[in-house]
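Before any comments, here is the structure.
Everything numeric here is computed off the predicted structure, so don't read it as measured data.
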Amino acid sequence: MDLSSNCKHPRFFYGRNLNSVTCQCAAALVFILLCVTFSGYRGINKNSFDLIYTRSFTLDSGFEIRKFLEVPQIVWGLNNQKIAFARACLTARMMNRTLLMPSLSASLFYKEMDKLEPIWFDKVFQFERFNSLCNEFVQLGRYSDLRNQTEVYELQKGSGRRWTLERDLDQLREFSKNPYDEYEVIRIVGKNPFLWHDHWPVKDYARVFECLVLVEEIASEASRVVSKIREVGSNSGSGSGLGSKPMPYIAVHMRIEIDWMIHCKKLERRLNITQICSSKAEIIERVGNIAESNPNPRVVYLAVADSLLEDPSILTGWKDGLLPFEKKKLGVDGIYKKYPYLIQSAIDYEVCLRSDVFVGNSFSTFSSLVALERTQKMIRLGMRSSCGTDVRWPSYAYNILGESNGPQKWMTNMSDSSLEAISYGSNNISC
């Protein structure tokens, strides 16, 4: 409210036309009353968090009041963190609260415990862009938006075998009502949001993912890598006859690291299936058998872990016409080395997302979210299925055998009732 301008109005203060001194005194009195009304909040370290807007209500006085949900620092790999972030957003939305934005983790949780450092959301994703794209669904806010009314209530998130999906849902509903809804902030303590029970359909997660746009610095680095890939394709003659069109490339998320192979072998035994692990030879063979309408040579960008950059064997054995490159051979490893793990992964994710053809592992969260975003892009073009047709932005899963001994075509089922398949992997990939 602009008191100085409103004082000039003849009807201000029940129609009395007051002088400027009186108005200034009234303004000072209102300010003092507001400070007293909204004092007393003693909950959160003001240097620690940003906000995500979901719901609010308005007092009779006209002031907007928001309720907040605080969650632990988000950890693990980039895409596990994106899922945890979305799950926390949707939890807050369900509880009719705004999420106090937790920090992400710059390093990989299970490999660099001693270097686990927080990194702010707006250092990775565009803050204002998120607001614009997720308007009316979830929205980011600043810490200054807090009205400082009440203390924080700590909520212990359930865990263990006895903590069922139903009990978790009941807890969320209970803490959305009196007396808990009287607290301005509810702080959830316990496990990482990635491991929380899932109550939302794929489309709700996808709605949040659509709003995550990389900050300009990271997006520019990804563009540099993509430009280099297309440049080597142009110099090699790949895409001859395309005119002014960008040189095409295939991106392969190649999971053959030792720790991954140990994990996937255990997963195969536990699930009693054999469509998770893929050897280097199997990946090379299946990618080479993808039936493409363009017979010209193609650059194959290998999105691999740094531990594989010194292994020259990943660049040998490829079908004639396919030109494999990883970041070291491409000459862009210096771009990646400037950043912590999280940013490196974000760059590789963007390079895979922009590729003409993407091939990954359906039990990898990284591959699964790339396939999901590419599915969304196809749906926006009116394409409801990639099965049996030539489409733009096709995705494949090399761990599942498809037509002509190639990888299986992959399109995310956007009508699925939960994100479990993407969170933990699946060999049910719509085609």
Side-chain angles (χ1 to χ4, degrees), residues 41-57 65-77 79-105 109 116 118-121 125 130 134 137-143 145-200 204-205 207-209 212 418-420 423-424:
Y41 178 83
R42 303 189 299 275
I44 297 177
N45 181 350
K46 292 188 177 182
N47 295 321
S48 298
F49 298 98
D50 291 334
L51 308 178
I52 297 177
Y53 171 78
T54 52
R55 302 289 178 87
S56 64
F57 65 91
I65 302 298
R66 297 180 187 174
K67 300 295 182 68
F68 304 98
L69 185 74
E70 180 187 345
V71 300
Q73 178 184 352
I74 293 177
V75 299
W76 290 6
N79 292 285
N80 288 343
Q81 291 189 50
K82 288 165 68 174
I83 289 174
F85 167 75
R87 189 161 289 167
C89 286
L90 296 172
T91 299
R93 188 170 187 267
M94 184 176 190
M95 296 178 70
N96 215 25
R97 288 180 173 268
T98 292
L99 179 67
L100 281 168
M101 182 61 207
S103 59
L104 305 176
S105 299
F109 173 67
L116 190 60
I119 183 171
W120 301 118
F121 177 88
F125 301 106
F130 187 94
C134 260
F137 190 66
V138 293
Q139 205 169 23
L140 291 173
R142 297 292 183 184
Y143 192 88
D145 293 340
L146 278 173
R147 295 293 182 178
N148 299 341
Q149 288 194 18
T150 63
E151 295 181 345
V152 173
Y153 183 92
E154 288 199 349
L155 166 62
Q156 179 68 49
K157 188 74 170 177
S159 61
R161 293 182 179 180
R162 294 185 178 182
W163 191 257
T164 63
L165 185 73
E166 292 74 19
R167 291 185 68 181
D168 188 83
L169 187 59
D170 288 342
Q171 184 189 56
L172 296 182
R173 289 170 175 164
E174 178 185 0
F175 280 84
S176 301
K177 304 173 183 178
N178 281 326
Y180 308 107
D181 65 348
E182 296 298 322
Y183 288 89
E184 185 179 15
V185 177
I186 289 179
R187 175 189 295 138
I188 294 183
V189 294
K191 58 187 180 181
N192 170 32
F194 177 73
L195 298 176
W196 291 358
H197 283 290
D198 179 28
H199 304 293
W200 303 277
D204 283 359
Y205 284 95
R207 180 73 180 87
V208 176
F209 296 149
L212 296 173
S418 80
L419 199 69
E420 182 176 359
S423 299
Y424 301 101

Applying side-chain contact (heavy atoms from CB on, under 4.5 Å), run through Gln171 and Trp163 and close with a yes or a no.
-> CA-CA 10 Å; Gln171 184 189 56; Trp163 191 257; 3.6 Å; yes

Let me see the working for Val138 and Phe130 under side-chain contact (heavy atoms from CB on, under 4.5 Å), right down to the final yes or no.
-> CA-CA 9 Å; Val138 293; Phe130 187 94; 3.8 Å; yes

Given Met101 and Phe85, is the side-chain contact (heavy atoms from CB on, under 4.5 Å) satisfied, shown in steps?
-> CA-CA 9 Å; Met101 182 61 207; Phe85 167 75; 3.2 Å; yes

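Contact detail for Asn178 and Glu182: the closest heavy-atom pair is OD1-OE2, 3.0 Å. In plain terms, the two heavy atoms of Leu155 and Ile186 that are nearest each other are CB-CG2, 3.8 Å. The heavy-atom pair separating Leu99 from Cys89 by the smallest distance is CD2-N, 3.7 Å. When all heavy atoms of Met95 and Leu69 are compared, the pair lying nearest together is SD-CD1, 4.0 Å. Pro193 and Ala88 get closest at one heavy-atom pair: CB-CB, 4.5 Å. In plain terms, the two heavy atoms of Ser103 and Pro118 that are nearest each other are OG-CB, 3.5 Å.
Counting only heavy atoms from C-beta outward, the side chains of Phe125 and Leu104 approach each other to under 4.5 Å. When side chains are defined from C-beta on, Leu100 counts as touching Val185, because their heavy atoms get closer than 4.5 Å. Glu184 has its side chain within reach of Phe68: a pair of non-hydrogen atoms, C-beta onward, lies under 4.5 Å apart. Contact of the Phe137 side chain with the Leu90 side chain is registered, since non-hydrogen atoms from C-beta on lie closer than 4.5 Å. For the pair Trp76/Leu195, a side-chain contact is recorded, criterion being any heavy-atom separation below 4.5 Å from C-beta on. In this structure the side chain of Arg167 reaches within 4.5 angstrom of the side chain of Arg162, judged on heavy atoms. Taking the side chain as every heavy atom from C-beta outward, Met94 and Trp200 approach each other to under 4.5 Å.
Remark: Asn192 CG to Asn80 CG distance equals 8.0 Å, nearest 0.5 Å. With values rounded to the nearest 0.5 angstrom, Ile74 atom CD1 is found 11.5 Å from Phe194 atom CZ. Atom CZ of Arg87 is separated from atom CD1 of Ile83 by 6.5 Å, given to the nearest 0.5 angstrom. Here the CD atom belonging to Glu420 is positioned 8.0 Å from the CG atom belonging to Asp198, to the nearest 0.5 angstrom. Summarising the geometry, atom CG belonging to Leu165 is positioned 7.0 Å from atom CG belonging to Asp168; distances are rounded to the nearest 0.5 Å. Atom CG of residue Leu172 and atom CZ of residue Arg93 lie 14.0 Å apart, to the nearest 0.5 angstrom.
Using a distance-only test at 3.5 Å, with no hydrogens or angles considered, no donor-acceptor pair links the side chain of Glu70 to the main chain of Glu154. Without hydrogens or angle criteria, Lys82 side chain to Phe209 main chain gives no donor-acceptor distance under 3.5 Å.
The environment of CD in Glu174 is crowded: more than 12 heavy-atom neighbours from other residues, nucleotides or ligands sit within 6.0 Å. Heavy atoms of other residues, nucleotides or ligands lying less than 6.0 angstrom from NZ of Lys191 number more than 12.
Side chains of Gln73 and Ser105: a donor-acceptor N/O pair is present below 3.5 angstrom, by distance only.
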